[in-house]
There are 2 protein chains.
Amino acid sequence: MTEEPRSRRERPAKAPLTRRGIVAAAVQVMRSEGMDRVTMRRLAKELDTGPASLYVYFRNTAVLHGAVLDDLLAAVDLGPVGAAGDWRLRIEAVLASYMDVLFEYPSLAQSAVSARPAGENYLRLLEGLLALLDEGGVPADQAAWGVDILLQLATAAAAEHAGGDDPEAWGAARAALLAVSPDTHPRIAALGEGLFSGSGEERQSWGIRVLINGVLGTPRTGGESA
Amino acid sequence: MTEEPRSRRERPAKAPLTRRGIVAAAVQVMRSEGMDRVTMRRLAKELDTGPASLYVYFRNTAVLHGAVLDDLLAAVDLGPVGAAGDWRLRIEAVLASYMDVLFEYPSLAQSAVSARPAGENYLRLLEGLLALLDEGGVPADQAAWGVDILLQLATAAAAEHAGGDDPEAWGAARAALLAVSPDTHPRIAALGEGLFSGSGEERQSWGIRVLINGVLGTPRTGGESA
DNA sequence: ACCTGAACACCGTTCAAGT
DNA sequence: ACCTGAACACCGTTCAAGT
């Protein structure tokens, strides 16, 4: 005869699998061990089962990562949507909050570039941005496409920091730009350090303003702006 | 006694390893078996050696992928840079050519989002875009930051098609957007199908115009545009 | 320096079988 | 339907040793 379990609190007692439970475990593993441990196998171990079991809930790893991202997006601050003040600054604030979330786990941002989430938190973010664009007088058809670009650029900017920010690789890239000959690459040479000027935040803030101005000033037919 | 090799042409005779040779093998494997077979191990097999040998030339897989991308970038058509005609349309043409290359191997685009290349072909592309922005009268400081956003958005757009364009996942995302309640998400509901309107090319072309207009019309200090 | 075999520590996904 | 163990077919990277 084997021992009876003394209490169901010895372990989480193998709670039945659910989508939410799996995502919760994934977030936990992500916070403690980093995004590249959020694998089907690692999660199966965490949930005390075999990897095959998870495929009942998530068709593949990309879908699982999408669900994790949407879960994290609950932390995006949508306060500025209903607040007072310049609508452009409020869009900037919302996107900055979105990027703050992604910056913590850049490899999640990287997967989000190719597998945009469609969960409730992502929908809320979309709705908030559309409300702000509407408030700013952006025509609906331009807003529909514009919100997509806005999120895409913010996501890509965060994803850029995935892969460990390898300082050697970055130094090499910088050196390549600065070592260019003025004869073959006159404008790169002329700009020089100027290509690297500004902090990440300054560049990002400018990038968002560029997009807002462009979205506002570029009709969907016609080409040139005012 | 073992057989003497009959000829050194029986196989490529184990040419000595070089950076260029490895990249060439990588491109070949990529074209015949797809990007996710471009691994250190697969390449080592192709080059008739062990995986460890490749680490002499590439610090890790990401760097190798970057070198492959730069190699492919030789195919970008920079003709429009020196041609006549509307500078905006010529920027569009160059970026469209860049995206054509990336669209063939979206997972390469995906890695380019986080590991921008710095090879000779990338530098040429950068130089070409800077020349066009200059021709269009974009101030140098705005061009320096703007060219970065332009490439980032084009790269991200191509990367979006990585991971196999899973039609089920796409359908699910679309359904989620269309199923939203007008009470909780009024603007998403109001836009409805409008969020998905247009072809990829139309959206991309508009996106580039948005960026050009924004870059041209957004000074680096000051905020609001004209 | 360059090159290598072998090892360490993992992966995603599918299958046949169970409940 | 949901769940599983086991298997298939791989990975990246490092190490100690060789040339």
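Below, read A as the first sequence line, B as the second, and so on, with proteins coming before strands; counting in each chain starts at 1.
Between A:R41 and C:dT13 there is no side-chain polar atom (N or O) within less than 4.0 angstrom of OP1 or OP2. Between D:dC3 and A:T49, no contact under 4.0 Å exists linking OP1 or OP2 to a side-chain N or O. Residue B:T61 places at least one side-chain N or O under 4.0 Å from the OP1 or OP2 atom of D:dT13.
Between the CZ atom of A:R19 and the P atom of D:dC3 there is a distance of 11 Å, given to the nearest Å. Atom OH in A:Y55 sits about 6 Å away from atom P in C:dG12, given to the nearest Å. At whole-Å resolution of the value, OH in A:Y57 and C1' in C:dG12 are 19 Å apart. To the nearest angstrom, P of C:dT14 lies 11 Å from CZ of A:R59. In this structure, the CG atom of B:L43 is 15 Å from the C1' atom of D:dT13, given to the nearest Å. When rounded to the nearest whole Å, the span between CG of A:L54 and P of C:dT14 equals 13 Å. Rounded to an integer number of Å, the gap from NZ of A:K45 to C1' of D:dC3 is 18 Å. As rounded to whole Å, 10 Å separates atom C1' of C:dC11 from atom CZ of A:R37.
Nearest-nucleotide assignment on DNA chain D puts the 5′-proximal partner with A:S53, out of B:D36 and A:S53. Nearest-nucleotide positions on DNA chain C place B:A52 closer to the 5' end than the other of A:N60 and B:A52.
Comparing C:dG12, C:dT14, D:dG12 by their nearest atom to the side chain of A:M40 picks out C:dG12. Proximity note for A:R42 (side chain, C-beta onward) versus C:dT13, C:dC11, D:dC15: the nearest is C:dC11.
Here C:dC2 sits opposite D:dG18 as a Watson-Crick or G-U wobble pair (both hydrogen-bonding atom distances under 3.5 Å). The nucleotide D:dT13 finds its pairing partner in C:dA7, both defining distances of the Watson-Crick or G-U wobble pair being shorter than 3.5 Å.
Counting only heavy atoms from C-beta outward, the side chains of B:R116 and B:Q152 approach each other to under 4.5 Å.
Identified under the side chain to side chain donor-acceptor pair (under 3.5 Å) test for residues 57-78 of chain B, with sequence neighbours left out: A:D166-B:R59.
Remark: the B:S199 side chain and the B:R203 side chain contain no N/O donor-acceptor pair separated by less than 3.5 Å.
Using a 4.0 Å cut-off between charged side-chain N and carboxylate O, A:E193 and A:R174 make a salt bridge. Taking the charged nitrogens against the carboxylate oxygens, B:E33 and B:R42 do have a contact shorter than 4.0 Å, which makes a salt bridge.
C:dA9 and D:dA9 have their P atoms separated by 24 Å, with the value rounded to a whole Å. Taking atom C1' in both D:dC15 and C:dC2, the straight-line distance is 15 Å, to the nearest Å.
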